[in-house]
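What follows is a single structure, written as structure tokens, with notes after it.
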Amino acid sequence: MDLLEYQGKQLFARHGLKVSSGRAVTNVDDAVAAAGEVGYPVVVKAQVLIGGRGKAGGVKLASDEAEAREHATDILGMDIRGHIVRTLWIEHASDIASEYYASVLLDRSAKKPLVMFSVEGGVDIEEVAEKTPEKLVRSHVDPLAGLSREQAVQIATAGEADADVIDGVADALVALYEVWIQEDATLAEINPLIVTPERDVRALDSKVSLDGNALYRHPENQELSDAENEDPIERRAKEEGVQYVKLDGDIGILGNGAGLVMSTLDVVAQAGGSPANFLDAGGGSDAEKIEQAVQLILANHAVRAVLFNIFGGITRCDEVATGLIAAFGELGPEEKAIPFVVRLDGTNDAEGRRLLSEANLPNVHPAATMNEAAEKVVALAAHPAEGHAGAGVAG
Ligand code: GDP
Ligand code: MN
């Protein structure tokens with residue numbers, strides 16, 4: 001879950017990292033009022049979940065009210081590589097002596113947190129890493145011990161931060177590490193971390209991603225998810241407590257157990273199809289849950305066929321069948337035109353299949369194996385009208 005710059009800065013401030021004071025606003029008048037409150041000169045900054053805003057014209061300095069109004073008008077509604085600006089952050093402008101870079105992330109291959117620091121900030125850090133790797137200090141942290149002040153000082157020194165700000169940089173690194181570990185972030189990045197002419201060290205920008213699966217431990221962070229940028233079906237799924245991820249294809253998928261769903265995506269792709277979603281109905285899904293899942297899958301209008309891949313363990317196949325029959329009853333005529341391929345195997349599979357065949361649902365196609373189910377659903381997605389002809393009709 002990615003945070004907007006100003007949300008990341010609010011997290012920074014909670015952990016003692018220095019940031020400039022500012023206000024988030026959504027219209028021009030509020031922007032001008034906020035500028036008056038934080039004091040000129042101000043920076044008017046587009047709040048979108050994409051970097052390079054400065055280059056795109058989404059970060060502008062204003063020295064008076066007229067300029068603040070002009071920039072706010074220009075930037076609100078701006079399209080920055082597909083991201084429409086709906087929120088501005090108005091911040092008291094900083095004087096900048098140097099622009100540094102700092103970040104904390106998880107190095108999966110080393111299985112340790114990694115702190116990175118460079119005095120070459122304010123620019124694309126990938127470029128620094130590529131062209132002048134010696135200017136990017138990389139230092140692993142013992143996850144049990146955390147980042148000590150000593151190690152932070154070593155990092156700042158190795159990166160050749162100006163001698164008089166080594167302490168300030170070390171403080172910033174320790175605070176950034178604290179943000180990363182305590183907020184369950186997957187990334188905490190500052191670019192640029194500035195040194196002011198007064199030799200203050202401050203975060204001028206923020207890039208923070210939080211681990212969505214750890215959000216339950218941080219009720220105060222729940223509201224940070226950028227509802228406007230979230231997919232509406234994913235949001236609904238989250239509210240209903242269903243594990244759903246939207247994908248780009250046209251074949252709706254439901255399975256029970258994350259592993260089975262992942263392999264279902266694979267067999268569908270192998271059969272030449274393209275999954276429209278990941279949906280894990282979980283263990284012990286009852287009829288009501290199945291009905292809810294069907295509604296979620298069909299809320300995506302790209303879906304042209306649906307594959308139910310159920311391996312009955314805790315989840316009993318007869319319950320899934322009952323759920324599917326009930327869900328079908330609730331569907332509108334357009335939704336009923338969408339073919340379902342159902343593979344039931346495991347606990348009470350015979351009973352489940354019997355219930356399904358007795359219900360005689362118009363557009364439900366049983367399949368005995370996972371591969372057969374995948375081939376069938378791919379064929380049906382390609383030629384839904386020929387649905388009743390069964391598998392192998394796709395050309
Ligand atoms: P990004 O382009 O999306 O990374 O946005 P940043 O927040 O990093 O801003 C881009 C650039 O604008 C920074 O690298 C600075 O050079 C400049 N900038 C941002 N805020 C200020 C400020 O308060 N004062 C000055 N002088 N420049 C700023
Ligand atoms: Mn930046």
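Computed from a prediction, not measured in an experiment: that's the story for all the values here. We number each residue from 1, following the sequence as shown. Both counts, for ligands and for their atoms, begin at 1 and track the order of listing.
Protein heavy atom closest to atom 20 (N) of ligand 1, with residue, atom name and distance, is L204 CD2, 3.3 Å. The single protein non-hydrogen atom nearest to atom 7 (O) of ligand 1 is K45 NZ, 2.6 Å, given as residue, atom name and distance. The closest protein non-hydrogen atom to atom 16 (O) of ligand 1 is E99 OE2, 2.8 Å. Residue, atom and distance of the protein heavy atom nearest to atom 10 (C) of ligand 1 are G54 CA, 4.3 Å. Here the heavy atom of the protein found nearest to atom 11 (C) of ligand 1 is V59 CG1, 4.8 Å. Annotation: atom 27 (N) of ligand 1 to nearest protein heavy atom, I96 CD1, 3.4 Å.
Taking every heavy atom of S94 and a limit of under 4.0 angstrom, the matching atoms of ligand 1 come to 22 (C), 23 (O), 24 (N), 25 (C), 26 (N). Taking a cut-off of under 4.0 Å to the non-hydrogen atoms of A93, the atoms of ligand 1 that pass are 23 (O). Every atom of ligand 1 with a heavy atom of P192 under 4.0 Å away is listed here by number and element: 8 (O), 14 (O). Against a heavy-atom cut-off of under 4.0 Å, R53 is close to the following atoms of ligand 1: 1 (P), 2 (O), 3 (O), 5 (O), 6 (P), 7 (O).
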Could you walk me through whether F340 and F308 satisfy the ring pair (Phe, Tyr, Trp, His ring centres under 6.0 Å) test, starting with their C-alpha distance in whole Å, then the side-chain angles of each, then the deciding distance to 0.1 Å, before giving a yes or no?
CA-CA 7 Å; F340 278 66; F308 263 51; 5.8 Å; yes
Apply side chain to side chain donor-acceptor pair (under 3.5 Å) to S21 and E91, showing your working.
CA-CA 6 Å; S21 58; E91 162 174 298; over 6 Å; no
Take R86 and T26 through the side chain to side chain donor-acceptor pair (under 3.5 Å) test and state the conclusion after the steps.
CA-CA 6 Å; R86 297 200 173 87; T26 54; over 6 Å; no
The test is side chain to side chain donor-acceptor pair (under 3.5 Å); show your working for T264 and N309 and say whether it passes.
CA-CA 7 Å; T264 308; N309 190 10; 3.0 Å; yes
Could you walk me through whether R202 and S94 pass the side chain to side chain donor-acceptor pair (under 3.5 Å) test, one step at a time?
CA-CA 9 Å; R202 205 180 314 157; S94 306; 3.1 Å; yes
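Considering backbone and side-chain N/O of D205, one or more are found under 3.5 Å from N/O of ligand 1.
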Side-chain donor-acceptor pairs of residues 112-125 under 3.5 Å, sequence neighbours excluded:
{"from": "S118", "atom 1": "OG", "to": "E120", "atom 2": "N", "distance (Å)": "2.9"}
{"from": "S118", "atom 1": "OG", "to": "K135", "atom 2": "O", "distance (Å)": "2.7"}

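Other members of the hydrophobic cluster containing V153, listed by chain and number, are I166; membership follows side-chain contacts under 4.5 Å among ILVMFWY residues, whether direct or relayed. Chaining together hydrophobic side chains whose heavy atoms lie under 4.5 Å apart leaves Y216 on its own.
Atom CD1 of I75 sits about 10.0 Å away from atom CZ of R53, to the nearest 0.5 Å.
Side-chain N/O atoms of D2 and S209 include a donor and acceptor closer than 3.5 Å.
Remark: the backbone N or O of D74 is not paired with any side-chain donor or acceptor of K60 at under 3.5 angstrom.
E358 and R354 are joined by a salt bridge, as a carboxylate oxygen and a charged side-chain nitrogen come within less than 4.0 angstrom of each other.
In N191, the part holding a heavy atom less than 4.0 Å from any atom of ligand 1 is the backbone.
Within 4.0 Å of atom 25 (C) of ligand 1, at least one protein heavy atom is present.
Closer than 2.8 Å to the Mn ion (ligand 2) sit the protein N, O or S atoms N191 O, D205 OD2.
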